[in-house]
Amino acid sequence: MGMDMLSSGLATCRHSLTPRQMQEALTPGHLKKAKLMFFFTRYPSSTLLKTYFLDVQFSRCITSQLIKWFSNFREFYYIQVEKFARQALLEGVVDACTLQVSRDSELFRALNMHYNKGNDFEVPGRFLEVASLTLQEFFSAVRAGKDADPSWKKPIYKIISKLDSDIPEGFKAAGCSQELLHS
DNA sequence: GTGCGACCTG
DNA sequence: CAGGTCGCAC
C-alpha cells in the first residue's frame with residue numbers, strides 16, 4: 001500500500017550515467033557463449049565470469065545480468081531433469097544407477113536444444129556425467145518422497161554445485177563464439 | 001547495505 | 001530471458 005517500489009537489486013541499474021558509462025551491453029553472441037559455458041559450469045562466480053568475458057566492461061548491471069543468465073540456465077536444467085526423473089519413476093525404473101544420460105537420450109536432446117541450438121558445439125562428456133548424476137539424485141529423492149519437503153531440492157543443488165569443471169581457455173577469446181562452432 | 005540464488009511471472 | 005520478490009550470508 002503506497003510503498004515505494006524502489007527495491008534494491010537489478011532494477012537499480014538505471015542511473016544518471018554518462019552515455020559512455022552505460023555503453024556496451026551484453027550481445028547475443030555473449031549469450032550464446034554463456035550457454036556453451038554452462039556445459040562446464042553451472043555455478044560460475046562473478047570473478048570467473050570476468051575472466052571469460054574479457055571484452056565486456058563489467059559493471060554491477062552487467063555482472064548481475066550474467067549471473068541472472070546462469071540462474072535461468074539452471075532453472076531450465078533442473079526443471080528438465082526433474083521432469084525426466086519423475087517420468088522414469090512412472091515408467092517403473094527401479095535402479096537409479098540405470099539412469100544414464102547419453103547423447104541420444106531425450107533429456108540430452110532437450111538440453112542440447114536449449115544450450116546448443118544448432119548443435120554446432122561438441123558437448124563435453126563430463127556434462128553427460130553431471131546430467132546423469134543430477135537425474136539420479138532427483139529420481140532417488142522423488143522415489144523416497146523427499147519432494148514433500150518444500151526445500152527438498154536444496155541438497156541436490158549442493159551436490160551439483162560441486163561438479164563444475166574448468167572451462168577451456170578458448171572461451172576467453174572475445175570472438176570465440178565463431179571458432180568454437182566446429183566439429 | 002550488498003551480493004547471490006531460488007522461485008514465480010509474463 | 002527479464003522483472004520482481006523473498007531469504008540467506010557477509
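Here is the naming used below: chain letters follow the sequence lines, and residue numbers restart at 1 for every chain.
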request  = Remember a base hit wins even if backbone is also touched, and classify A/Lys35 as base, sugar-phosphate or nothing at under 4.0 Å, heavy atoms.
outcome  = sugar-phosphate
Rounded interatomic separation in angstrom, taking NZ from A/Lys154 and P from B/dA6 = 6 Å
task = Quickly work out the A/Glu75 CD to C/dA2 C1' distance and round it to whole Å.
result = 11 Å
query = Is the cationic atom of A/Lys33 (NZ for Lys, CZ for Arg) positioned less than 6.0 Å from the six-membered ring centroid of A/Tyr52 and within 45 degrees of its normal?
reply = no
request  = State which of B/dC4, B/dC8, C/dC1 makes the closest approach to the side chain of A/Phe73.
outcome  = C/dC1
key: Ring-ring centroid check A/Tyr115 A/Phe121, cutoff 6.0 Å   = no
Atom-pair distance (CD on A/Gln65; C1' on B/dG3), nearest Å = 16 Å
ask   = What is the distance from NZ of A/Lys158 to P of B/dG5, rounded to the nearest Å?
value = 15 Å
key: Salt-bridge contact A/Arg126-A/Glu129 (side-chain N to carboxylate O under 4.0 Å)   = yes
request  = Could you check which of C/dA2, B/dC4, B/dA6 has an atom nearest any side-chain atom of A/Tyr157?
outcome  = B/dA6
query = Expressed in angstrom and rounded to an integer, what is the separation of A/Ile159 atom CD1 from B/dG5 atom C1'?
reply = 17 Å
request  = Determine the contact category for A/Ser46: base if any of its heavy atoms lies under 4.0 Å from a base atom, sugar-phosphate if only primed atoms, P, OP1 or OP2 are that close, otherwise nothing.
outcome  = sugar-phosphate
task = Tell whether A/Lys68 reaches the base of C/dG4 with its side chain through a donor-acceptor pair below 3.5 angstrom.
result = yes
note = Side-chain contact check for A/Arg60: nearest option of B/dG3, B/dC7, B/dG5 is B/dG3
request  = Take atom CZ of A/Arg74 and atom C1' of B/dC4, then tell me their distance rounded to the nearest Å.
outcome  = 9 Å
query = Which whole-number value in Å describes the distance from A/Leu66 CG to B/dG5 P?
reply = 12 Å
task = Give a yes or no answer on whether the side chain of A/Arg42 reaches the backbone of A/Phe73 with a donor-acceptor pair at less than 3.5 Å.
result = no
message = Is the distance from the ring center of A/Phe39 to that of A/Phe127 below 6.0 Å?
response = yes
Phosphate OP1/OP2 of B/dA6: any A/Tyr43 side-chain N/O under 4.0 Å = yes
ask   = What's the CH2-P distance between A/Trp152 and B/dA6, to the nearest Å?
value = 14 Å
